[in-house]
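Have a look at the structure below before the remarks.
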Amino acid sequence: MGRVDLVVLFADADAERFVTKLIERGIERSCLRNMNRKFVRDPMCDSHVASKPTAALAPYLGQPTCRFLVVLDHHGSGYEAHPRERLEQDIVDHLVRAGVDGKQVAVIAFEPELEIALLPAWERVVALLAKKRDELPSTTIAMDAQDPKSSLAAALKYYRLKSGAALFADLANELSLERLKTGVALGRISQHLVDWFGMR
């Protein structure tokens, strides 16, 4: 295996396609320098990433210059009774015990779930869904920040569309990076990536 600069660990395919596309757009726009990167998905989902993050990352743990970004949902992680920050710190601690420099690890949990990342661009999300059906955007479909998954599900039902990784890739390709980065989780992901790989 050659040198790897960045490994991103995901807990599901939706987040993988969404965040991967955002990173690629950041590179294309020269916000980030091109880096040797690997995108890894743990097929056992959020709770396994939370409890055993080193399992899927094992092939890369011996690379001293590699940065690790771990992305998962707070809901479904098994840490729902605890603050998001505890979940994130516990995963960092797992990697540190495996020999990784803590400064080279960033853990971002979407709270409660990935769909909350769409909140800053929700009107545009609805417009894009409407466009897929050649219909006008509804002004009555709102995003509930406490239950963003149900909000997206309602919007998709309204436009007779299905959720899935391909949809999240489309949204990541069409939505404003600047607007998305005003959200807590994507803002933090962006800042870590710029700190590590920003164009100087």
Sub-3.5 Å donor-acceptor pair from the side chain of R124 to the main-chain atoms of L175, do we have one?
no
Check for a donor-acceptor pair, side chain of Q104 on one end and backbone N or O of P64 on the other, with a separation under 3.5 Å.
yes
Cluster question for you: counting only ILVMFWY and a side-chain heavy-atom cut-off of under 4.5 Å, with indirect links fine, are M44 and V71 together?
no
Is a side-chain N or O of D46 found less than 3.5 angstrom from the main chain of L72, in a donor-acceptor match?
no
Taking every heavy atom of M35 against every heavy atom of R33, the minimum-distance pair comes out as CE-O, 3.2 Å
With under 30° as parallel and over 60° as perpendicular, where do the rings of F168 and F18 fit, or are they tilted in between?
perpendicular
Presence of salt bridge, E88 and R188, under 4.0 angstrom:
yes
I want to check something: taking the side chain as every heavy atom from C-beta on, are I91 and V105 in contact at a cut-off of under 4.5 Å?
no
Between the side chains of E178 and R29, is the shortest nitrogen-to-carboxylate-oxygen separation below 4.0 Å, so that they form an ion pair?
yes
Using only atom types and a distance under 3.5 Å, with no angle test, would you say the side chain of E80 pairs donor to acceptor with the backbone of P112?
no
Which pair of non-hydrogen atoms, one from I23 and one from L32, has the smallest distance, and what is that distance?
O-CD1, 4.2 Å
Suppose the criterion is salt bridge (charged side-chain N to carboxylate O under 4.0 Å, His left out): which pairs have a residue in residues 159-169, not counting sequence neighbours?
E135-R160
In terms of the angle between their ring planes, are H82 and Y79 parallel, tilted or perpendicular, with boundaries placed at 30° and 60°?
perpendicular
